[in-house]
Number of protein chains: 2
Amino acid sequence: MLGLSQTTVSRALNGYPEVSEKTRARVVQAAEAHAYSPNTRAQGLATGHSKCIGHVISVSDSAEMVNPIFGDFMAGAGETYSAHGYDMMVTRVGAQDEADTYRSLKARGAVDGIVVHAPRRNDPRLELLDKIGLPYVVHGRSTGIKAPYSWLDVNNTRAFSEATSYLASLGHSRIALINGQETMDFAIRRRSGYESSLRFAGLSIDTALMSTGEMTEAYGYTQANAMLDLLHPPTAFLAASIICAAGIRRALDERGLRVGQDVSIATFDDCLSYFGNGGDTPVFTAWQSSVRAAGAALAQMLIDRIRAPHAPHITKLWEAEFVSGASTGPAPGTSKD
Amino acid sequence: MLGLSQTTVSRALNGYPEVSEKTRARVVQAAEAHAYSPNTRAQGLATGHSKCIGHVISVSDSAEMVNPIFGDFMAGAGETYSAHGYDMMVTRVGAQDEADTYRSLKARGAVDGIVVHAPRRNDPRLELLDKIGLPYVVHGRSTGIKAPYSWLDVNNTRAFSEATSYLASLGHSRIALINGQETMDFAIRRRSGYESSLRFAGLSIDTALMSTGEMTEAYGYTQANAMLDLLHPPTAFLAASIICAAGIRRALDERGLRVGQDVSIATFDDCLSYFGNGGDTPVFTAWQSSVRAAGAALAQMLIDRIRAPHAPHITKLWEAEFVSGASTGPAPGTSKD
DNA sequence: CACATTTGTCAAAGCGCTTTGGATGTCGTG
DNA sequence: CACGACATCCAAAGCGCTTTGACAAATGTG
């Protein structure tokens, strides 16, 4: 020590005004010299805050699938957290003991708040979190929940409605939807956007052209193949993620169908860092929204919420940005006037 | 309370023998009824252990790239952690303040141990962690480090050597290597396996056929295109990841080259859950090793290490498994005898 | 110069647990 | 019946911090 009391040191480091600048400087310097950082747990015990945010990722038991957007989302969120001195805790959980996990996170005081991922319709987690008093923000929305909550979502309905209209305007009348799992709220929204635009364009809604499943490359491939084998195959695909789209593209390539000419592909794009859709002419015509940016923004919303738990809820609806790529073109047989 | 002292409750819950089974049952039941879990921080303070493992992911400042294997690795590790009552903390960090992050993690007592990702050659992190006394295990290896340490790695040298020999045996003499960033130890090993097999097969080593970079789809596409424009283009590609391979495939498709006939692709495959290479005939001929299994195994190694910090170091060298897919075939012009 | 303020510092309590060192009660044995 | 040996349980200390309430020193005021 340097002849000061614990109190003074604590105050000096935490920026309280009751300490002279001269002493503060001494303390700070000594702390750096000895690589001292206050023990997180002790600090947490004393203050009641853990300065830690929880992310619960449910690994669906069925497919053992890890959401590919996870890494990028975390990278975005992590930036915000570290800027505010928060740590980030990840808990993996199977679907059945979800509730227990949240309860335990709260009871153990492990986190100050959590981010709810992949909300379902009427997601019971929101009510649970409200009940146990754990602050949260939702990545997406949960239709059916009446109580207000904080969320950030992409306007999925509009993006898929626009995409469908876009394809229809190119003359496509058989437009397939390769959707994500329709237990997820966003997937339901995407489908409804798709269907409403089909109706608006006077096109029939054919369940044979709609599929739902986990957004893997193989899924895109399999579904595309199955649909291309139909009597009246689609001339355009609308994919829920760029990874699915890659699978669809593989199916087309394999059959010798030219992407953007014989068959079109449009997709939603989360701007994953390892699967960019950039370049002068993007590979895919896409509606894109950075999941990384969403992570950063949600982290900020949650931190604000933890600071002011009774502030009104904040909601953000981001619009996906349209990029025209090489994967779409007029429907075959359409006259180019 | 139920008329018992704190001591007894603590002992009952933590399975100490000095408490009668009857009382223990009462305590456990009451704890469950009231959803009581001991406060993690207080427990940590008292015991000196945080029951938390750190994962530091460096987001390379240049490309803001998130390693696509991250999610699957975490899913695997998370399984092991939760089975042992450990939490998992993720810290995102830019390359420059790496050392500070590790130091702070230790000083703050935030974690009991950490997993070192993406080791480089002579990685300074290992020495640092030894110095500050934070237990760790390494996913991969760091050539040049003389002190022993615990690691789990895939035999990258052999996998790429085998892959190169395999392609050579199919008659390919211009084999391109689309490698990961050669600041990473594993990428260096892969290259050396590739080069040694080229030499062994009597093939020339052409730097025009070797590239290094971040393993994105776009990178695979760009590099493949560049190489196919060469005067003497490659007839086979060896890719560092299935995501790169997808990019290479796209370049081939776009040029009307048939994969596995006109040009072959072999790749390393981390068995990512969203980019499976399964099916009756796998898409790609690949050398595969599950990164998820690696996560689970490393987590176990680290937990063991934390329990017995002075036990001899454990090292595991996994062999990648060969799967024959549709993406490779005899070099064009080779007689099929 | 005496008094009221303000400034800078400190001792001690408390956060929720684990753990040490008893204390109490029960039982078996000579 | 007395004594030691167990089996159960408990009170209190301590983990490393923050924070409350006091106090001493420095400053301002009439």
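Please read all numbers here as calculations on a predicted model, not as lab measurements. Labels below follow one simple rule: chain letters A, B, ... track the order of the sequence lines, proteins then strands, and each chain is numbered from 1.
Between B:R11 atom CZ and C:dG22 atom P there is a gap of 14 Å when expressed in whole angstrom units. Atom NZ in B:K106 sits about 12 Å away from atom P in D:dG16, given to the nearest Å. Atom NE2 of A:H49 and atom P of C:dG16 are 13 Å apart (whole Å). Rounded to an integer number of Å, the gap from CG of A:L13 to P of D:dT18 is 8 Å. Rounded to whole Å, atom C1' of C:dT26 lies 13 Å from atom NZ of B:K22. Atom CZ in A:R26 sits about 14 Å away from atom P in C:dG8, given to the nearest Å.
Regarding contacts with the backbone of C:dC10, a side-chain N or O of A:T8 is found under 4.0 angstrom from either OP1 or OP2. In terms of phosphate contacts, B:S10 brings no side-chain nitrogen or oxygen within less than 4.0 Å of OP1 or OP2 of C:dC17.
Of the possible donor and acceptor atoms, one in the side chain of B:R41 sits under 3.5 Å from a partner among the backbone N and O of A:G109. No donor-acceptor pair under 3.5 Å is formed between the side chain of B:S150 and the backbone N or O of B:V137. Listed for the B:S290 side chain is a donor-acceptor partner under 3.5 Å among the backbone atoms of B:A293.
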Practice item. Take B:T315 and B:Y149 through the test side chain to side chain contact (heavy atoms under 4.5 Å, CB included) and record every step on the way to the result. Key: CA-CA 8 Å; B:T315 63; B:Y149 58 94; over 6 Å; no
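Under the salt bridge (charged side-chain N to carboxylate O under 4.0 Å, His left out) criterion, the residue pairs touching residues 106-120 of chain B are A:D87-B:R108, B:E98-B:R120, B:R120-B:D123, with sequence neighbours excluded. Screening residues 67-80 of chain A for salt bridge (charged side-chain N to carboxylate O under 4.0 Å, His left out), with sequence neighbours left out, gives A:E79-A:R292, A:E79-B:R92. Residue pairs meeting the side-chain hydrogen bond (donor to acceptor under 3.5 Å, both in side chains) criterion with at least one member in residues 126-140 of chain B, sequence neighbours excluded: B:D130-B:Y136.
Defined by atom type and a distance below 3.5 Å, a donor-acceptor pair is present between the side-chain atoms of B:T143 and B:D185.
Of the candidates B:I306, B:T80, B:L298, B:V90, B:I306 is the only one forming a side-chain contact (heavy atoms from CB on, under 4.5 Å) with B:I53.
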Considering only nitrogen or oxygen atoms on both sides, find all protein atoms under 3.5 Å from nucleotides 6-8 of chain D and state each distance.
none

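A heavy atom closer than 4.0 Å to some atom of DNA chain D occurs in B:L45, B:A46, these being the qualifying members of residues 36-47 of chain B.
Within 6.0 Å of the CG atom in A:L128, the count of heavy atoms belonging to other residues, nucleotides or ligands exceeds 12.
Residue side chain A:T7 does not reach the base of D:dT18 through any donor-acceptor N/O pair under 3.5 Å, judged by distance alone.
In plain terms, the two heavy atoms of B:V66 and A:S273 that are nearest each other are N-OG, 3.0 Å.
Using five terminal pairs a side, the axes of the helix from C:dC1-D:dG30 to C:dG30-D:dC1 at its two ends make an angle of 50°, given in steps of 10 degrees.
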